[in-house]
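For reference, the structure is listed below as C-alpha cells.
Every value quoted in this text rests on a predicted model; they were computed, and no experiment measured them. The chain is numbered in sequence order, starting from 1. Just so you know, ligand 1 is whichever comes first in the structure, and atom 1 is the first atom listed for that ligand.
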Amino acid sequence: MRRAVIAGNWKMYKTIAEAVEFVGKLRPLVAQADHCEVVVAPPFTALRAVAEAVKGSRLAVAAQDVHWDKEGAHTGDVSPAMLVEAGCTHVIIGHSERRQDHGETDENVNRKLKAALAAGLTPIVCVGETLAEREAVKTVEVLQRQFQGGFAGLTPQDFSRIMIAYEPVWAIGTGRTATPEMAAESHRYLRGLVRQKYGEELAGRLRILYGGSVKPDNIVGLMAQEEIDGALVGGASLKADSFSAIVNYRRA
Ligand code: PEP
C-alpha cells in the first residue's frame, strides 16, 4: 500500500509574512491527516521561515527548483545544500512552468534530480504533455521521452527515493482537470516504464501524484483511482480551507 502525498506548489505567491501566517492556519486543519504526507512548496524567500513555522507538525517543506551544482557562478540559482540548510526535505523538479519559462530540458531535469538525491532531498519530478501533444496523440511518446531523459542513469536505490508528478500541461491552472480515468491511464503507463526498467517491486512502490486543477470537489474521484497516489496542487493550495479540504479528502 503506497502512502498518499498531497503537495502544495505555491509558485510565486506569498510574502514571508503571508507564508508564515498561512502555515499557522494550516497546521491545526491537517493535524489529523494520518492517511497522507503533506508538503508545501513556498517560494525561495519564504523557505526558511516556513521550515521554522512547521517544526513539530506533519508538514514538510519543498523548494520549487534547484541547481545541480554545489556552488558557482549561477546568478539567481540555489544549490541543493542551500535548500537543505533552509529546512527543505523535498524539491519539485521539472515543473512545466520551468520547462516553458526557463527552457528546462530533460537533461537539466536529470542533473537536478541527481544533485537533489545526493544532497538527501526527496525529488518530486514533474512530467506531462501539452495540449498540442495530447491532441496529436503524443502523450505516450512525450512521457517516454521525459522518463528516458529525465530519469537516466539512476540506480534502483536512487529511484526508490523519487516521486513523480504527472501534470498534463493543459490542466495546470486552467480549471480543466484530466478525468480520473485519463490521469490513471497515464500513471499506469509511467508505472509500466518503471517496471520495465527497475522491476515490479520498485514500480509498485513508486508514488505518482496527479497535478492539474486539483480542487476539493475533484480530489475524492482522483484518489479513488488505485493508480493515483496523491496530488500536486497549485491554485487550490494557496488557501488554508481549500488545501486542507484536499488533504482531508478521506475525512470529508
Ligand atoms: C501546479 O502548479 O503544479 C498545478 C497543478 O497547478 P494548478 O493546481 O493550479 O493547476
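Atoms of ligand 1 found under 4.0 Å from any heavy atom of S213, numbered from 1 in the order shown, are 7 (P), 8 (O), 10 (O). Heavy-atom contacts of A171 reach the following atoms of ligand 1: 10 (O) (cutoff under 4.0 Å). Heavy-atom contacts of G212 reach the following atoms of ligand 1: 5 (C), 10 (O) (cutoff under 4.0 Å).
Residue contact annotation: S237 has no non-hydrogen atom under 4.0 Å from ligand 1.
Atom 10 (O) of ligand 1 has its nearest heavy-atom neighbour, among G173, G8, G128, G234, in G173.
Here the straight-line distance linking atom CD1 of I6 with atom CG of L209 works out to 8.0 Å at 0.5 Å rounding.
Counting only distance, with no hydrogens or angles, the side chain of E71 and the backbone of S79 share no donor-acceptor pair below 3.5 Å. Remark: side-chain polar atoms of K14 are paired, donor with acceptor, to backbone N or O of L238 under 3.5 angstrom.
Counting only heavy atoms of the protein, atom 1 (C) of ligand 1 lies nearest to H95 NE2, 3.3 Å. The nearest heavy-atom contact from the protein to atom 9 (O) of ligand 1 is G235 N, 2.8 Å.
Residues G94 and V109 share a closest heavy-atom pair of CA-CG2, 3.7 Å.
Polar contact with ligand 1: present for N9 (N/O pair, distance under 3.5 Å).
A salt bridge links D34 with R58: at least one charged nitrogen is closer than 4.0 Å to a carboxylate oxygen.
Contacts of E167 with ligand 1, taken as heavy-atom pairs under 4.0 Å, involve the side chain alone.
Follow the hydrophobic side-chain contacts under 4.5 Å out from V214 and you never reach V169; the two are in separate clusters.
Residues L131, M182 make up the rest of the hydrophobic cluster containing W170, defined by ILVMFWY side-chain heavy atoms closer than 4.5 Å, directly or through other members.
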